[in-house]
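A quick write-up on the structure given underneath.
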Amino acid sequence: MKRLLIVFGLICYIASMGFTASGNEDLEIYMYLYENSRTVTDQYNILLVLQNRKLTGAGEFYARAFNRLVRQIPQIQRSAPAVEKAAADDLAQTLAVLIGEEKYTAAAPDLWSAYGAFTAPLVKAETLISLGKLRATDFLPQIVRALQDINAAPPRGREEVDSKGIIARGAIIALEKFRDESGYLPVFIMSVGSYPERVKELARATLPIILEDPSALLTEQVIKSSSYAPSIKFVALQTIEDANVPSVSKSAAAVASLSEGWRASTNDVRQRGEVARMRKTSIDMIRRYGTSDPTVYSLLERSYKEGFDDDEKLTSIQTLGTLATEDSAKLLNSFLMILIGKMQSGAFSRIEGDMLRAIIPAIGAIGSATSRPPLRTLLALDAATNAIKTLANDALSKLPAQ
């Protein structure tokens, strides 16, 4: 042992003075010292010196040292002093980093074993990151599951938030390196979870790296799924809106979101507001991107008749006008006739007046000949104001001659 300490002291002195021996000779010395050390603390101190020397080609040594540590860790955790347990965590974390830097793929099974064997969040995180650096695809499903498990069990208390956040960060970085679609959804769910903002920001920044066009995945697996709350569905819709994807993908997501917005049922006032916001955003996206999906008309009709507020109703009218199809003209004609009936009966409110003033120009913008009869009926109505009749005449002038 005395000889060991003398050699260790000598190489530390040489390292501090900046002298270098050949890489192979240096590595052999460190390997000898490491493998003859009696404590984990000594092993860690030797590894730190080796790390500072930045020797290359040491991947096999790091892997062998890591394998030895993983096999020893159950005994260390059972009976070693606290200082040795702490040193084991530091040693595992450092070895994982070095293995990742060396791209030593043969160590992948031990990295995953270490994820389960160690409890320290930093060790777990670093093993995941290194697996990502190695592109160890055999362990990609396990990493995906690790992040899914974190998402599925909300943290309790500040300490658990911090510890799980560290592990989640490691999983996110690893999945970014794999760039595999299977990692997208758990990273997305992490981005809307109850973890520190720095973790959620990392998740959001990672999403477009994992998958450039997430529209199909988010539409099918989040927006249309019954497993997620409206607030998460809404974030999925916004993510698609912000992504650099074709307009047809955005409109398909918007129609699906509008459908889900009417399928969701809740008595909670706050949640009803969230669902309405999702519907209104969906309708606005349909207005901007268009759609050929025939199911949109019944959805827009419902938003006009049962919408959360006047804004939802007015946006539905505008969207029908922008779609400019015979189906949208048919709906607007029916809305106009209902309002005409209310004017005739004298049960006509200010809000209905606002709707009327939105419907007439929308009918004109579509320019369907089928709109002539309801517009002429409105013009013949004594209860209609001159301003309303002016709008009707203007819309009528835009329709094709019969």
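No experiment lies behind these values; they were computed from the predicted model shown.
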Counting only pairs under 3.5 Å, give me each side-chain donor-acceptor contact of residues 286-297, with atom names and distances, residues two or more places apart or in other chains.
from, atom 1, to, atom 2, distance (Å)
R287, NE, D284, OD1, 3.2
R287, NH2, D284, OD1, 2.6
R288, NE, D284, OD2, 3.0
R288, NH1, E241, OE2, 3.1
R288, NH2, E241, OE2, 2.6
R288, NH2, D284, OD2, 3.3
Y289, OH, E241, OE1, 2.6
T291, OG1, D293, N, 3.0
D293, OD1, T295, N, 2.9
D293, OD1, T295, OG1, 2.7
D293, OD2, T295, OG1, 3.3
Y297, OH, T325, OG1, 2.7

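- With sequence neighbours excluded, the residues forming a ring pair (Phe, Tyr, Trp, His ring centres under 6.0 Å) with Y304 are F335, listed by chain and number.
- Pairs of residues two or more places apart, or lying in two chains, that qualify as salt bridge (charged side-chain N to carboxylate O under 4.0 Å, His left out) and include a residue from residues 213-234 are E220-K224, K233-E260.
- Distance NZ/K164 to CG/N151: 9.5 Å, rounded to 0.5 Å.
- In this view, A168 and L147, I150, M190, V199 satisfy the side chain to side chain contact (heavy atoms under 4.5 Å, CB included) rule, not counting sequence neighbours.
- For R135, the side chain to side chain donor-acceptor pair (under 3.5 Å) criterion is met by no residue, not counting sequence neighbours.
- Evaluated for a side-chain contact (heavy atoms from CB on, under 4.5 Å) with I173, the options I129, L128, T206 yield exactly one hit, I129.
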Quick one: side chains of residues 340-356, donor-acceptor pairs under 3.5 Å with protein atoms, not counting sequence neighbours, listed by atom name and distance.
from, atom 1, to, atom 2, distance (Å)
K342, NZ, E352, OE2, 2.6
S345, OG, G341, O, 3.4
S345, OG, K342, O, 3.0
S345, OG, A347, N, 3.4
S349, OG, E352, N, 3.2
S349, OG, E352, OE1, 3.3
R350, NH1, D354, OD2, 3.3
E352, OE1, S349, N, 2.8
D354, OD1, R357, NH2, 2.8

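- Under the side chain to side chain contact (heavy atoms under 4.5 Å, CB included) criterion, T39 pairs with T41, D42, E84, not counting sequence neighbours.
- Among residue pairs with one or both ends in residues 108-118, those qualifying as side chain to side chain donor-acceptor pair (under 3.5 Å) are N67-D110; sequence neighbours excluded.
- Closest non-hydrogen pair, L175 versus G183, comes out as CD1-O, 4.0 Å.
- Residue pairs meeting the ring pair (Phe, Tyr, Trp, His ring centres under 6.0 Å) criterion with at least one partner in residues 38-61, sequence neighbours excluded, are Y34-F61.
- Under the side chain to side chain donor-acceptor pair (under 3.5 Å) criterion, no residue pair touches residues 183-196, with sequence neighbours excluded.
- Looking at residues two or more places apart in sequence or on another chain, you find a side chain to side chain contact (heavy atoms under 4.5 Å, CB included) between P109 and F139.
- With sequence neighbours left out, Y62 forms a ring pair (Phe, Tyr, Trp, His ring centres under 6.0 Å) with no residue at all.
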